[in-house]
Undergrad: 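Have a look at this one.
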Amino acid sequence: MALKSNIIANFLGQGWSALMALAFIPIYIRYLGMDAYGLIGVFALLQAWLAVLDAGLTPTLSREMARYSAGGLSNEELHELALSVERIFIIVAVAIAVIAMVAAPWLSRAWLRPEELDTATVTQALVIAGWVIAFRWMAGLYKGAINGLQQQVWLNVCSSAFATARGLGAVGVLIWVSPTIQAFFVYQGIVTAVEAMVLAIQMRRFLPPVPRAVRFSMAPLRRVWRFAGGMTAITVLATLLAHVDKLMLSNLLTLSDFGYYMLASAVAAAVHALIGPIFTATYPRLVELVAQGSESTVAAAYHYFAQLLSVVVLPPAMVMAMLPEHLLVLWTGDASLAITVAPLLSLLVIGSMLNGVMHIPYALQLAHGWTQFAVRMNIISVALLVPAIYIGVSHYGAIAAAMAWMILNVGYVTVGMPFMHRRLLKSELHRWYLKDVGGPLVASFTVAGLARVLAPAPSVNARGESLLMMVIIVGAALLAALVTTELGRQTLQRTVRRC
């Protein structure tokens with residue numbers, strides 16, 4: 001029951017947070033301009049790259065919290081680990097803000113290519129953004145700990161409230177206070193600082209009581225260093241794979257053209273908003289089951305979560321990939337913007353969709369404490385991807401980076417999975433390909449492909465009709481995906497009986 005509650009809460013909370021992040025982008029562009037939105041994209045890029053300083057501690061802390069739930073840690077050990085990791089994070093957060101202050105002038109002059117904003121404005125915005133990133137850094141730690149304790153209902157209520165404050169409040173600041181990028185980042189910093197403090201207080205309330213106060217100690221960090229080291233390598237390589245395209249484009253393109261690419265990336269990130277709620281609930285649950293030692297139970301949970309993710313993610317993602325112009329016109333009301341962004345969006349969504357189906361296998365690896373496989377796969381991918389993006393972007397522009405992202409994830413699904421299943425759940429590979437992923441993928445593609453052929457051209461003057469059409473197409477794709485999976489058929493049968 002707690003697992004279902006967590007999944008539902010994750011969908012509602014993370015879905016709402018994603019909606020708040022996406023819904024107001026057209027308003028930001030309208031009031032700030034594409035140059036400033038490109039700067040918001042740079043902020044997101046810096047935040048992603050600075051995540052490598054995590055040193056694997058957030059996922060490690062989340063895993064240890066989940067192990068505590070399965071009886072793997074004492075109350076004192078849990079408190080000591082949480083306090084020690086928090087102290088390290090505070091030091092790094094301050095370092096992030098200082099680094100941003102020092103690097104901002106150089107980034108403004110030598111790296112970015114603004115057309116509408118002057119260098120002083122860009123520098124000020126980057127300095128403020130550094131503090132926002134520092135606060136988000138701390139908030140991410142506390143979220144990881146609370147998630148590991150499986151208090152996900154509370155966490156999603158809190159995250160939804162602050163996401164609403166960030167989105168709606170930023171619109172209010174731009175309309176009624178100051179339509180500047182500096183004001184935007186100052187407001188984001190205030191909200192995020194308050195969020196981090198609330199999360200810190202609540203994490204301490206969720207921790208079990210201890211008879212005495214604990215102090216900073218290296219002992220719990222030494223105990224988890226091997227897993228944390230593997231997670232650090234995975235984080236560095238995954239960040240490089242996911243964001244090297246944006247890093248190159250931020251220098252190769254003008255700030256406004258970079259803004260178009262980041263706009264497509266932001267919409268494609270909606271796919272991850274569907275993946276995240278399931279992964280967040282899956283990971284600690286698999287950790288518990290692996291700790292209990294029953295492989296058959298782990299296999300059953302693995303296929304259940306894989307089918308759930310496929311049914312939830314593949315239908316809407318495939319519709320987004322096949323009808324990107326309709327989605328962009330519906331969302332922005334700007335036909336010319338939709339034409340520019342649609343090819344990028346289609347490729348990025350397909351790549352993100354394929355990346356998404358790998359999350360359950362990845363959770364299984366982490367549940368077993370096996371980080372080496374992901375590290376090796378990512379090293380090979382970096383060696384192939386970086387030169388491919390450099391050559392492709394230099395000759396063909398941003399579309400080459402989106403194509404490279406899609407091809408990379410095709411390789412993960414077709415090459416990575418057989419190697420993983422040689423070690424974990426050795427007899428389950430074909431079931432994953434054919435029943436967990438293959439059926440829903442083919443069904444979703446068939447429905448979305450027919451819709452692309454039959455649907456009328458998108459029109460700014462018919463956005464209501466476009467919305468209704470998109471809802472019907474996603475619903476049809478979802479129904480087709482449900483029919484192809486055991487989980488989906490059982491769900492439909494229960495629904496029919498109730499009716």
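One is the number of the first residue; the rest follow in order along the sequence. Just so it is clear, the structure is predicted and the values come from calculations on it, not from any experiment.
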Undergrad: Given side chains that start at C-beta, do those of Phe135 and Val191 come closer than 4.5 Å, heavy atoms only?
TA: no
Undergrad: Looking only at non-hydrogen atoms, find the nearest pair between Tyr187 and Ala165 and report the distance.
TA: OH-O, 2.5 Å
Undergrad: Do you know which of Leu330, Asp334, Val329 makes side-chain contact (heavy atoms from CB on, under 4.5 Å) with Thr332?
TA: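 With Thr332 as partner, Leu330, Asp334, Val329 yield a single side-chain contact (heavy atoms from CB on, under 4.5 Å), made by Asp334.
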Undergrad: Holding to side-chain hydrogen bond (donor to acceptor under 3.5 Å, both in side chains), I want the full list of residues that pass it with Ser427, two or more places apart in sequence or in another chain.
TA: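 If we apply the side-chain hydrogen bond (donor to acceptor under 3.5 Å, both in side chains) test to Ser427, skipping adjacent residues, there are no hits.
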Undergrad: Kindly give the heavy-atom pair with the smallest separation between Phe279 and Ala363, and that separation in Å.
TA: CE1-CB, 3.6 Å
Undergrad: Could you tell me the separation between the CG atom of Leu286 and the CG atom of Leu364, rounded to the nearest 0.5 Å?
TA: 6.0 Å
Undergrad: Under 4.5 Å between any side-chain heavy atoms of Leu328 and Leu337, yes or no?
TA: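 Result no, sub-4.5 Å side-chain heavy-atom pair not found.
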Undergrad: Using a strict 4.0 Å threshold on nitrogen-to-oxygen distance, state whether Arg166 and Glu195 make a salt bridge.
TA: yes
Undergrad: Show your reasoning for whether side-chain contact (heavy atoms from CB on, under 4.5 Å) applies to His368 and Arg423.
TA: CA-CA 11 Å; His368 282 87; Arg423 174 166 174 172; over 6 Å; no
Undergrad: Please find the pair of heavy atoms, one from Pro343 and one from Thr340, that lie closest to each other, and give the distance.
TA: CD-O, 3.8 Å
Undergrad: I want to check something: taking the side chain as every heavy atom from C-beta on, are Met377 and Met420 in contact at a cut-off of under 4.5 Å?
TA: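 A side-chain contact under 4.5 Å is absent here.
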Undergrad: Can you check whether Tyr433 and His421 have ring centres sitting under 6.0 Å from each other?
TA: no
Undergrad: Of the non-hydrogen atoms in Leu274 and Pro316, which two are nearest, and what is the gap between them?
TA: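 Leu274 and Pro316 have their closest heavy atoms at CD1-CG, 3.5 Å.
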Undergrad: Rounded to the nearest 0.5 Å, what separates atom OG1 in Thr192 from atom CD1 in Ile133?
TA: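 These two atoms lie 10.5 Å from each other.
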Undergrad: Can you list, pair by pair, the side-chain donor-acceptor contacts under 3.5 Å of residues 344-358, counting residues two or more places apart and other chains?
TA:
{"residue": "Ser346", "atom": "OG", "partner": "Ala321", "partner atom": "O", "Å": "2.7"}
{"residue": "Ser352", "atom": "OG", "partner": "Leu348", "partner atom": "O", "Å": "3.0"}
{"residue": "Asn355", "atom": "ND2", "partner": "Asn409", "partner atom": "OD1", "Å": "3.0"}

Undergrad: Check whether any side-chain heavy atom of Tyr302 sits under 4.5 Å from a side-chain heavy atom of Leu289, and report yes or no.
TA: no
Undergrad: Please examine the side chains of Phe419 and Arg376, heavy atoms only from C-beta on, and report whether any two atoms are closer than 4.5 Å.
TA: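 The answer is no; the side chains never approach within 4.5 Å.
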Undergrad: With a 4.5 Å cut-off on side-chain heavy atoms, are Val311 and Leu478 touching?
TA: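 The answer is yes, as the side chains (C-beta and beyond) meet within the 4.5 Å cut-off.
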Undergrad: So how far is it from Tyr412 OH to Tyr362 OH, rounded to the nearest 0.5 Å?
TA: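 Answer for the OH-OH pair, Tyr412 versus Tyr362, is 10.5 Å.
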Undergrad: Apply the test side-chain contact (heavy atoms from CB on, under 4.5 Å) to residues Phe185 and Ile40: give CA-CA distance (whole Å), side-chain angles for both, the deciding distance (0.1 Å), then the verdict.
TA: CA-CA 9 Å; Phe185 280 131; Ile40 295 174; 4.3 Å; yes
Undergrad: For the CG atom of Leu425 and the OG atom of Ser296, what is their distance to the nearest 0.5 Å?
TA: 10.0 Å
Undergrad: Hey, what do you get for CG (Leu323) to CE (Met318), rounding to the nearest 0.5 Å?
TA: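 The distance works out to 11.5 Å.
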Undergrad: Report all side-chain donor-acceptor pairs from residues 441-456 shorter than 3.5 Å, counting only partners two or more places apart or in another chain.
TA:
{"residue": "Ser444", "atom": "OG", "partner": "Pro440", "partner atom": "O", "Å": "2.8"}
{"residue": "Thr446", "atom": "OG1", "partner": "Val442", "partner atom": "O", "Å": "2.8"}
{"residue": "Arg452", "atom": "NH1", "partner": "Met322", "partner atom": "O", "Å": "2.4"}

Undergrad: Rounded to the nearest 0.5 Å, what separates atom CG in Leu155 from atom CD1 in Ile146?
TA: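 Rounded to the nearest 0.5 Å, the CG-CD1 separation comes out at 5.5 Å.
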Undergrad: Which atom pair, heavy atoms only, marks the closest approach of Gln365 to Leu424?
TA: CA-CD1, 3.9 Å
Undergrad: Is any side-chain heavy atom of Val271 less than 4.5 Å from a side-chain heavy atom of Val313?
TA: yes
Undergrad: If you define the side chain from C-beta out and look only at heavy atoms, does anything of Thr485 sit under 4.5 Å from Arg489?
TA: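 The answer is no; the side chains never approach within 4.5 Å.
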Undergrad: According to the interplanar angle, ranging from 0 to 90°, do the rings of Trp154 and Phe206 count as parallel (below 30°), tilted (30 to 60°) or perpendicular (above 60°)?
TA: perpendicular
Undergrad: So for atom CD, which belongs to Glu295, do other residues, nucleotides or ligands contribute more than 12 heavy atoms lying within a distance under 6.0 Å?
TA: no
Undergrad: Give me each pair satisfying salt bridge (Lys or Arg N to Asp or Glu O under 4.0 Å) with a member in residues 428-438, each pair once, sequence neighbours excluded.
TA: Arg431-Glu486
Undergrad: The criterion is ring-ring contact (aromatic ring centres under 6.0 Å, His included); which residues satisfy it with His303, sequence neighbours excluded?
TA: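 With neighbours one apart ignored, the set is empty.
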Undergrad: Would you list the atom pairs, donor with acceptor, under 3.5 Å between side chains in residues 19-34 and any protein atom, with sequence neighbours excluded?
TA:
none

